[in-house]
Protein chains: 2
Amino acid sequence: MPDRPFTLVESLIELTRVLRAAFESRVEKHGLTYSRARLLTTIGRNEGASQAQLAALLGIETPTLKRLLDALEAQGLTERRPMPEDRRKHAIYLTEAARIEPLLGFRAEVDVALAHGIAPQDLAVTRRTLAQMALNAERLRQG
Amino acid sequence: MPDRPFTLVESLIELTRVLRAAFESRVEKHGLTYSRARLLTTIGRNEGASQAQLAALLGIETPTLKRLLDALEAQGLTERRPMPEDRRKHAIYLTEAARIEPLLGFRAEVDVALAHGIAPQDLAVTRRTLAQMALNAERLRQG
DNA sequence: CGCTGTTTATTAGCTAGCTAATGAATTGTC
DNA sequence: GACAATTCATTAGCTAGCTAATAAACAGCG
């Protein structure tokens, strides 16, 4: 449906939009969104990290992270604990509720579904190409 | 910086974010954003189209389009004209100001910069892979 | 003609990204 | 030890996507 002919940028943005919608239709029954699920799994693999560390791991800014974390905390899935050695920081942990919920496998599942019908070597090429484009975009930003 | 190992979904989302930032740093001196520039060029190639038609061309929803269009109109770049044959619709046109501004070439320029250092056959593979992934995502959404 | 259903644009309200600015706590320097 | 600079989390406010609900206009059908 989108404006043709596609440029690469167009198809990227289009795909991201469809992707997000697909993912969210999968996890919404758990009260999650794509971004929150991503944060949740990242916390699970890095328990005790500070908010700044989590934001860096996710590649987002700290105000964005704060909003996502507030939502997870309101759902009772995570908690902030004080850090005695630095009273500015919070150490972020999963609660028991988060461990019980079958939430952590979703992302891998989506990745598998997404790669369906694509040759492994094509996936490798795509991965490499996307990485190069990210570099080009970074350069474009400065230059 | 982001959470590794990258899944494909991760790198896609990451790239889209960097891309948008790169583009916006390029067009911000004209008071535009990526989305507005995209709408502007689409209007230029489809003058007289209705809002619903433009939204379909861009692959976005009509409320999203409305907000973007309001912004362009406030900048004096586009205008809504009544359609006598259907008083619900508006025909969208560029103003003379939009024609004078060198705004319409930006997207192609970004696409060229993005493809720098990537072999043509790799670009072709990537294009094909992204299209297949969009199909897979669509199926995931329903199933 | 009248009524029913559909389409168009709009409004309202949600998520999620960003930057800028702020206050509290820590670190570094003289 | 005191002051300056930095870091951490937060707040405020911007853009841009979405869905749901609404009013106005149109289309079709009895």
Side-chain angles (χ1 to χ4, degrees), chain A residues 1-2 10 12-25 27-28 31-40 49-56 58-75 78 80-92 141, chain B residues 1-2 10 12-25 27-28 31-40 49-56 58-75 78 80-92 141:
Chain A
M1 240 61 73
E10 301 290 328
L12 269 172
I13 290 185
E14 170 70 8
L15 175 56
T16 301
R17 209 156 40 208
V18 176
L19 198 57
R20 203 164 209 131
F23 192 95
E24 310 227 327
S25 78
V27 295
E28 67 187 3
L32 285 178
T33 62
Y34 172 77
S35 300
R36 289 181 202 166
R38 191 160 101 97
L39 172 55
L40 197 68
S50 70
Q51 296 182 200
Q53 285 173 328
L54 290 173
L58 291 168
I60 62 179
E61 300 302 318
T62 55
T64 302
L65 183 123
K66 187 236 182 251
R67 198 173 341 103
L68 295 174
L69 188 59
D70 285 348
L72 289 181
E73 205 167 291
Q75 289 181 271
T78 63
R80 283 175 242 228
R81 297 186 199 160
M83 273 187 171
E85 73 274 20
D86 188 336
R87 302 211 315 274
R88 295 170 303 179
K89 295 187 187 177
H90 302 148
I92 312 300
R141 187 179 197 169
Chain B
M1 239 59 75
E10 301 291 327
L12 269 172
I13 291 185
E14 169 70 7
L15 175 55
T16 301
R17 208 154 43 206
V18 175
L19 198 57
R20 201 163 211 132
F23 191 96
E24 309 227 327
S25 79
V27 295
E28 68 186 0
L32 285 178
T33 62
Y34 172 78
S35 300
R36 290 182 200 166
R38 191 160 102 97
L39 172 55
L40 197 67
S50 70
Q51 296 182 199
Q53 286 173 328
L54 290 174
L58 292 169
I60 61 179
E61 300 303 316
T62 56
T64 302
L65 183 124
K66 188 237 181 245
R67 198 176 337 105
L68 295 175
L69 188 59
D70 285 348
L72 289 181
E73 204 167 293
Q75 289 181 270
T78 63
R80 283 175 242 228
R81 297 185 198 161
M83 273 185 169
E85 73 274 20
D86 189 335
R87 302 211 316 273
R88 293 170 303 180
K89 296 187 186 178
H90 302 147
I92 312 300
R141 188 179 197 169

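This one's a predicted model, so the numbers in the text were calculated from it and none came from an experiment. Residue numbering restarts at 1 for every chain, and letters A, B, ... go by the order of the sequence lines.
Both A:Arg67 and A:Arg80 sit near DNA chain D, but only A:Arg80 has its closest nucleotide nearer the 5' end. Taking for each of A:Gln53 and A:Ile13 the nucleotide of DNA chain D with the nearest heavy atom, the 5'-most of the two is the partner of A:Gln53. Between A:Glu24 and A:Glu85, the residue anchored closer to the 5' end of DNA chain C is A:Glu24, taking for each the nucleotide with the nearest heavy atom.
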Could you pull out the protein-nucleic contacts involving nucleotides 2-8 of chain C (nitrogen or oxygen on both sides, under 3.5 Å)?
from, atom 1, to, atom 2, distance (Å)
C:dT7, O2, B:Arg88, NH1, 2.5

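Two residues are said to be in side-chain contact when any heavy atoms from C-beta on lie closer than 4.5 Å; A:Leu40 and A:Arg36 fail this criterion. Side-chain contact between A:Arg38 and A:Leu58 is present, with heavy atoms from C-beta onward closer than 4.5 Å. Between A:Leu72 and A:Leu32, some side-chain heavy-atom pair lies under the 4.5 Å cut-off. Inter-residue side-chain proximity for A:Ile60 and A:Leu68 is flagged as met; some heavy-atom pair is nearer than 4.5 Å. The shortest distance between side-chain heavy atoms of A:Gln53 and A:Ile92 does not fall below 4.5 Å.
Atoms CG and CG, on B:Asp70 and B:Leu65 in that order, are 9.0 Å from each other to the nearest 0.5 Å.
Here B:Ile60 lies in heavy-atom contact (under 4.0 Å) with sugar-phosphate atoms only. Across all strands shown, B:Ser35 has heavy atoms under 4.0 Å from sugar-phosphate atoms exclusively, and none from any base. Backbone-only engagement by B:Arg36 is indicated by non-hydrogen atom pairs under 4.0 Å involving sugar-phosphate atoms exclusively. Residue A:Leu68 is classed as a sugar-phosphate contact, given heavy-atom separations below 4.0 Å to backbone atoms only.
A side chain to side chain contact (heavy atoms under 4.5 Å, CB included) with A:Pro63 holds for exactly one of A:Glu61, A:Arg67, A:Lys66; it is A:Glu61.
For the side chain to side chain contact (heavy atoms under 4.5 Å, CB included) test, residues two or more places apart in sequence or in another chain that qualify with B:Ala91 are B:Met83, B:Tyr93.
Between the P atom of C:dT11 and the CD atom of B:Glu61 lies a distance of 17 Å, rounded to the nearest Å.
A donor and an acceptor atom, one from each side chain of A:Arg20 and A:Ser35, are located under 3.5 Å apart.
In summary, contact between chain A and DNA chain D, defined as any nucleotide atom under 4.0 Å from a heavy atom of the protein, begins and ends at D:dT7 to D:dC18 in the 5' to 3' direction.
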